[in-house]
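Okay, structure first, notes after.
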Amino acid sequence: MITWLRELLMPAAGTAYARQVDDLFLFLTGLTLFFFLLIAGLTAWFVVRYRRARGAARGAAPSRHTALEVAWSVIPLALVIVIFFWGFHGYINAAVPPADALEIKVTGRKWLWQFEYPNGLRTINELHVPVAKPVRLVMISEDVIHSFYVPTFRIKQDVLPGKYTQLWFQAAETGVHRLLCAEFCGTGHSDMLGAIHVQGAEEYSQWLEKGGEGAEAVPAAQLGRLLYAKYGCDACHSLDGSRGEGPSFRGVFGRPVRLADGRSVPADENYLRESILQPQAKVVAGFQPVMPTFQGLLREREIAALIEFIKEQK
Amino acid sequence: MTDWNYLNERRGLWSWLTTLDHKRIGVMYLWSTLLAFFLGGVFAMLIRLELLTPGKTVMSAETYNKMFTLHGAVMIFLFIIPSIPAALGNFVLPLLLGAKDVAFPRLNLASYYLYLAGALMALASLAAGGIDTGWTFYTPYSTSTGGAVNLVTLAVFVLGFSSIFTGINFIATVHKLRAPGMSWFRMPLFVWGMYATAVIQILATPVLGITVLLLLMERLLGIGIFDPKLGGDPVLFQHFFWFYSHPAVYIMILPGMAIISEVIPVFSRRPIFGYRAIAFSSVAIAGVSFLVWGHHMFVSGQSVLASAIFSFLTFLVAIPSAVKVFNWVATMYRGSISLQAPMLYAICFLLLFAIGGLTGLFLGALATDVHLHDTYFVVAHFHYVMMGGTVIAFLAGLHYWWPKMFGRMYSERWSRVAAGLVFVGFNATFLAQFVLGSRGMPRRYYNYLPEFQPLHILSTVGSWTLALGLLIMAGYLLASLRRPPDAPPNPWGGLTLEWRTGSPPPVHNFERTPRVEGGPYDFPLVPEEAAAGRRP
Amino acid sequence: MSLSGTTAEPRAEQPFLQHHFALPEQQAEASKIGMWLFLVTEILLFGGLFAGYGVMRMLHAEAFHQAHAHLDRALGALNTVVLLVSSFTMAMAVHSARRGERRRVVLFLLLTLTLAGVFLGVKYVEYSHKFRDGLLPGRFYAHRGDATPGQFMFFSFYFLMTGLHGLHVAAGMVVIGWLLRRALRGEFSARYYTPVDLAGLYWHLVDMIWIYLFPMLYLIS
Amino acid sequence: MSATPQAESGTRTYLCVLAVLLALTAVTVLAAGVNFGAPSVNVVIALAIASLKGSLVALYFMHLRHERPMNAVIFLTGLAMLAIFLMFCFLDTASREPVAPSAAPAPQAAGGARPTSARILRAS
Ligand code: HEA
Ligand code: HEA
Ligand code: CUA
Ligand SMILES: [Cu+2]
């Protein structure tokens with residue numbers, strides 16, 4: 001029954017802490033059910049028993065009853081105090097990361113997550129962490145408030161501009177977990193997603209060595225499609241020709257592009273490359289220069305793959 | 001029944017626009033807020049429609065963001081805040097006190113025109129490109145985004161003062177215009193509720209005013225207080241906003257509770273259980289409500305110490321609410337219960353508010369709130385308390401005082417149908433959202449993961465049922481107006497003063513200033529079965 | 001105070017008595033409660049600015065200290081004195097009204113009005129200095145050679161606070177002017193002077209707020 | 001009438017109050033010049049004097065001393081709410097946890113070393 005409820009109401013628990021949270025959550029669920037049934041039950045009973053039509057034995061009933069009133073003030077009070085300390089206990093542990101935690105720097109911006117590892121390696125929308133090791137995220141935003149939310153870890157923390165906030169977790173098993181942005185940040189808010197890859201110590205250190213590579217096998221255009229989603233281009237660029245925050249990739253390649261400054265340039269490889277690395281250099285007419293630069297974030301091979309992919313969108 | 005009453009003594013649009021009669025002002029407020037409710041409801045329906053499928057269903061992401069912002073802003077500032085106090089309260093409060101009018105009739109009318117001005121500005125923002133900040137206007141997004149934010153902040157400022165004026169009026173009225181013999185503890189509980197509400201309106205709303213002004217200045221002058229780039233603190237805005245907006249949620253619910261405290265004893269023919277407990281709990285809620293706003297900021301970067309304190313205080317608010325709920329239930333014990341429309345809605349309120357309130361405990365507890373914050377769990381919570389609580393109570397009050405306001409009875413049969421549809425539809429819509437939220441579906445999401453779709457479909461279909469119910473209600477209520485007046489002065493057999501005058505009441509409310517001998521709920525313990533005023 | 005009891009004289013002789021009140025006392029007390037409630041909203045309105053000022057000052061203590069040196073203490077003190085005296089004259093106006101001394105009411109209202117004018121005059125001088133030196137709020141701040149950054153923040157609050165306060169002074173002047181007109185028409189008497197009373201309360205609050213603004217803005221040491 | 005002070009405070013009272021108010025103004029200005037060691041002391045003194053002046057205005061010019069208590073209650077409730085508002089805003093700002101990547105120093109690294117409130121709370 002309990003486990004059934006847990007499965008029904010909560011996503012899988014990816015950390016020991018998540019289980020603690022679930023315990024409180026389930027306790028509260030029980031409490032809610034109990035009091036709801038109590039109230040609903042009594043109401044139903046009274047309504048049936050004492051319907052006006054029905055000549056039930058009504059007689060005198062007190063309109064105040066001190067003992068009763070004290071009881072139903074004190075019992076809830078006791079309950080909520082328990083709940084408070086229970087919730088506080090979990091929270092305070094989540095708030096203070098262990099000293100030996102592995103530190104990863106997180107930058108949020110419209111509308112993607114960027115991670116920087118101790119060895120300087122950078123990834124976008126993909127966080128790799130070792131299993132069973134505390135990880136401390138030091139987070140900051142480049143524009144508005146975002147919120148780093150991992151449902152399976154039951155953790156969430158707003159990511160503020162101009163001020164660091166932190167978060168820590170210790171993944172129980174290897175696997176992939178979903179990362180969401182939980183603070184409204186504009187058009188791409190619901191597309192500001194990411195993945196957390198929990199890897200075995202070995203696998204993780206190898207991944208770090210290889211500088212995060214691991215996609216050689218995939219042919220360019222396919223890799224491009226992956227990156228298109230992974231780096232959040234899809235937040236702004238549609239493939240179906242519909243206008244988003246940015247122009248659609250549909251049929252971009254080859255046709256002349258009118259720029260904000262009135263000039264018109266052909267959308268060849270170089271233009272595409274430039275648009276990705278220095279978006280503000282040539283701003284397309286009718287759009288805001290809001291595209292983040294991907295300078296230094298993409299490996300040469302990835303740029304080529306993206307261009308290949310964009311070219312394919314006829 | 002009296003043929004000269006406040007509706008027909010003076011005629012013509014002008015006589016309405018210039019009236020100082022609290023009853024007419026109340027009625028004008030009623031229609032305006034109902035219109036706002038309808039509008040907000042239409043936006044809601046569009047939101048639900050868009051969420052039927054992940055990604056684009058009918059509108060773009062930009063439109064969707066403006067849609068829920070507008071839905072929230074209209075429902076909160078144009079509908080729920082003024083709905084019960086300014087519409088129903090304005091009409092019945094002086095009647096309940098046996099007074100001829102509120103203390104400051106001109107201020108009362110001014111309040112209505114401020115409301116009108118604010119409403120028009122808010123809607124004008126639609127033409128001016130709408131806004132996509134969410135009803136919470138969080139900085140720095142709200143200072144950096146385009147659209148008609150400036151206009152809307154001004155609208156909120158104006159609406160704030162309209163609400164303040166109502167509050168000032170009510171407090172002065174309760175203090176100075178009680179009928180002879182109406183001691184504080186002979187006042188109907190509705191008045192106590194209104195009094196507590198007015199206190200919050202007066203103490204909290206000014207801070208909202210200065211908050212939106214600062215937001216405006218930030219946008220116009222770049223004063224820097226909320227802008228991290230300039231050394232400001234965006235989280236400080238959240239303190240400012242919630243210092244008003246948490247107490248504001250009790251501006252919403254206290255009037256609802258106040259109505260329930262009237263309806264249940266009347267339709268149970270029983271003295272209310274624990275009159276003083278209910279009266280004091282209203283005041284207690286008003287007081288504590290100022291100490292808990294930080295529970296909206298547990299993951300905002302607020303200090304751990306502050307979060308802990310706010311969480312603890314949050315739980316204290318739950319107690320007076322608990323007391324009220326239990327007192328209402330106890331009142332029905334050994335009563336003589338009739339399930340006419342107002343009572344039906346009152347019972348819906350009991351069940352829905354219990355759920356809404358209890359889920360508030362999930363959010364007040366730190367560890368669980370970190371997971372649930374800004375998910376659909378929160379959305380479900382506040383719809384249970386606002387729609388399922390306040391709005392349902394508002395409907396209870398509307399059905400309870402409709403005969404008094406317009407002198408017409410409405411169709412009992414249809415009212416049952418509507419209530420049923422509303423109850424079922426509402427639960428379908430929002431129970432689903434609790435599960436969505438606890439499973440990790442964030443709010444304000446235009447696009448969502450496919451795994452969530454089944455619950456979203458359930459929610460959307462539920463919202464259609466709900467809307468159908470409300471439309472039927474609108475139908476039979478409006479239909480009743482086209483029939484000749486048929487309401488007796490006291491259709492429900494209530495003992496409070498408003499039932500001692502005609503339906504609708506004469507211009508000066510009472511032929512003679514009534515004198516109050518007993519309490520408002522001193523029903524004879526063994527009720528005569530000839531329930532007063534049943535329609536032939 | 002309830003509706004019970006009957007009025008001493010017929011309503012006809014109490015033109016100011018609104019229909020829904022039974023007694024002049026009742027009406028006067030109601031209006032007074034209303035006014036105090038309104039004053040409370042004013043306090044909380046300014047309260048927001050105080051909170052913002054406090055927090056920003058915690059974050060930028062040094063900058064605030066540096067910046068406030070640009071203000072002219074003498075003028076600030078002068079204005080404080082002016083406002084305090086105006087408060088006194090206003091109190092006297094109410095006092096005379098209660099005594100039914102109509103001529104003195106007019107006199108003291110006139111005095112108050114003039115002092116209020118002086119206050120705004122001094123503010124004008126101060127403002128024009130600030131404008132000249134580019135000590136402007138927010139993004140318009142154009143002052144060069146600051147020792148510490150973030151001084152514009154101080155002036156954001158300086159202008160917000162004194163500006164909002166100034167608006168209140170101006171509004172007060174309008175009200176007092178209107179009172180003067182009614183006083184000259186001899187509409188007030190020992191039996192009815194509520195408007196003077198209420199305007200007095202408002203004016204004292206405006207004074208009180210300045211009493212706090214002065215040290216907060218001019219006397220940071 | 002009952003709205004008026006029971007015990008009339010006369011012209012003399014008002015004059016005295018004014019005198020005191022002006023004197024206190026002089027005192028604040030002077031006090032601001034003196035250095036009491038910590039700047040916080042000056043702030044406290046300045047605000048204390050301001051409050052003293054404020055209460056004088058409220059008690060005499062605004063008649064609270066002789067009014068029926070209701071109005072004073074309203075006034076004080078307002079001040080109480082203001083106090084709550086300020087208190088929590090300051091409390092939060094003062095007790096924020098300074099966080100920083102171990103490389104760069106925190107924006108306000110001032111209290112970086114001292115045990116943060118979270119640690120204290122946890123210890124307890
Ligand atoms: C009518 C409006 C209303 C009411 C009455 C309430 C009532 C309560 N609310 Fe809610 N709340 C909102 C409207 C309301 N809320 C809104 C609009 C938001 C979201 C704003 C936004 O972000 O957009 C919100 C958000 C919100 C949050 C922030 C969530 C988040 O964003 O992370 C929290 C956290 O503590 C909270 C808590 C509570 C609590 C503890 C109560 C308590 O007062 C409830 C007390 C009632 C009961 C407890 C039930 C009755 C009692 C019993 C049945 C007996 C048994 C009781 C016990 C055992 C204690 N609410
Ligand atoms: C009073 C408050 C109130 C009310 C009543 C409602 C009512 C409804 N709300 Fe809303 N809602 C909010 C306040 C309210 N809401 C707020 C504050 C937000 C947050 C916004 C934000 O995030 O910024 C929100 C957000 C919100 C969301 C989340 C959006 C998101 O986060 O992406 C959703 C989604 O399902 C939703 C749905 C609904 C639905 C289906 C209803 C239905 O109950 C509506 C049913 C009503 C009708 C269908 C109208 C029928 C009316 C009439 C027929 C008129 C009657 C006339 C006479 C009687 C004469 N609301
Ligand atoms: Cu980033 Cu929402
Ligand atoms: Cu709240």
Side-chain angles (χ1 to χ4, degrees), chain A residues 8-11 20-21 24-25 28 31-32 35-36 39-40 42-43 46-47 50-52 58-61 63-64 69 72-73 76-77 80-81 83-84 86-88 90-92 94-95 144-145 147 149 151 154-158 160-163 165 180 182-187 189-191, chain B residues 61-62 65 134 138 140-141 144-145 228-229 234 271-274 277 299-301 304 308 311-312 315 318-319 322-323 325-326 329 332-339 347 350-351 354-355 358-359 361-362 365-368 370-371 373-374 435 438-440 442 444-448 525-526 531:
Chain A
L8 173 70
L9 297 178
M10 282 290 189
Q20 294 177 24
V21 175
L24 176 54
F25 185 90
L28 285 164
L31 189 85
T32 304
F35 278 104
F36 175 72
I39 291 162
L42 286 173
T43 309
F46 294 159
V47 166
Y50 302 114
R51 266 200 336 281
R52 185 161 299 169
R58 298 197 167 84
S63 68
R64 52 200 314 274
E69 298 193 49
W72 69 43
S73 325
L77 183 61
V80 291
I81 290 179
I83 300 170
F84 165 74
W86 195 337
F88 176 69
Y91 180 75
I92 199 68
V144 300
I145 301 179
S147 192
Y149 179 32
R154 316 282 190 268
I155 56 171
K156 182 185 287 116
Q157 172 61 56
D158 283 9
L160 307 173
K163 183 174 177 303
T165 54
L180 304 152
E183 183 60 64
F184 180 68
C185 54
T187 315
H189 168 54
S190 60
D191 294 321
Chain B
E62 287 84 356
N65 296 343
Y138 274 17
Y141 186 79
S144 55
T145 183
K229 280 195 224 61
I272 187 100
F273 189 95
V299 302
S300 68
V304 173
S311 167
F312 182 76
F315 285 112
I319 304 311
V323 169
V325 170
F326 291 126
V329 175
M332 291 187 280
Y333 174 61
R334 292 198 159 193
S336 161
I337 299 169
S338 88
L339 289 179
I347 289 174
L350 272 183
L351 305 182
I355 297 180
L358 284 159
T359 50
L361 302 177
F362 290 66
L366 287 156
T368 35
V370 170
H371 174 56
H373 171 73
D374 270 343
V435 184
S438 61
R439 293 198 65 85
R444 297 171 172 174
Y445 259 33
Y446 164 75
N447 187 5
Y448 57 84
L525 279 179
V526 181

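Every chain is numbered from 1, with letters handed out A, B, ... down the list of sequences. In what follows, every heavy atom counts, from backbone to side chain, and hydrogens, waters and symmetry copies are set aside. What you see is a predicted model, and the numbers here were worked out from it, not measured in a lab.
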Turns out that what part of Glu69(A) lies under 4.5 Å from chain B's heavy atoms comes down to side chain
Could you tell me how the ring of Phe326(B) sits relative to the ring of Phe35(A): parallel (under 30°), tilted (30 to 60°) or perpendicular (over 60°)? tilted
When you compare the side chains of His371(B) and Tyr149(A), does any donor N or O come within less than 3.5 Å of an acceptor on the partner? yes
State, yes or no, whether a side-chain contact exists between Glu183(A) and Asp374(B) at a heavy-atom distance under 4.5 Å. yes
Could you tell me whether the side chain of Ser311(B) reaches within less than 4.5 Å of the side chain of Phe84(A), counting heavy atoms only? yes
Could you tell me which portion of Leu339(B) (side chain, backbone, both or neither) has an atom closer than 4.5 angstrom to a non-hydrogen atom of chain A? side chain
Side chain, backbone, both or neither: which part of Thr145(B) has a heavy atom under 4.5 Å from chain A? neither
Do Tyr50(A) and Ser336(B) have side-chain heavy atoms sitting under 4.5 Å apart? no
Which label fits Phe46(A) and Tyr333(B): parallel for a plane angle under 30°, tilted from 30 to 60°, or perpendicular past 60°? tilted
Per-residue contact mode, Ile319(B) against chain A (heavy atom under 4.5 angstrom): side chain
Separation between CG of Leu351(B) and CD1 of Ile39(A), rounded to the nearest 0.5 Å: 8.0 Å
Tell me, for Gln20(A) versus chain B, whether the close heavy atoms (under 4.5 Å) come from the side chain, the backbone, both or neither. neither
Could you check whether any side-chain heavy atom of Arg154(A) comes within less than 4.5 Å of a side-chain heavy atom of Val370(B), counting everything from C-beta outward? no
Report which part of Ala40(A) has an atom under 4.5 Å of a heavy atom belonging to chain B: side chain, backbone, both, or neither. both
Are the aromatic ring centres of Tyr445(B) and His189(A) under 6.0 angstrom apart? yes
Please state whether the side chain, the backbone, both or neither of Tyr138(B) comes within less than 4.5 Å of a heavy atom of chain A. side chain
Do the non-hydrogen side-chain atoms of Ile145(A) and Pro140(B) ever get within less than 4.5 Å of each other? yes
Should the ring pair Phe273(B) and Trp72(A) be called parallel, tilted or perpendicular, given that the plane angle runs from 0 to 90° and is split at 30 and 60? tilted
Under 4.5 Å to a heavy atom of chain B? For Leu160(A) that would be side chain
Got a second to check how far Arg52(A)'s CZ is from Ile337(B)'s CD1, nearest 0.5 Å? 9.0 Å
Would a 4.5 Å heavy-atom cut-off, applied to side chains only, mark Phe362(B) and Thr32(A) as touching? yes
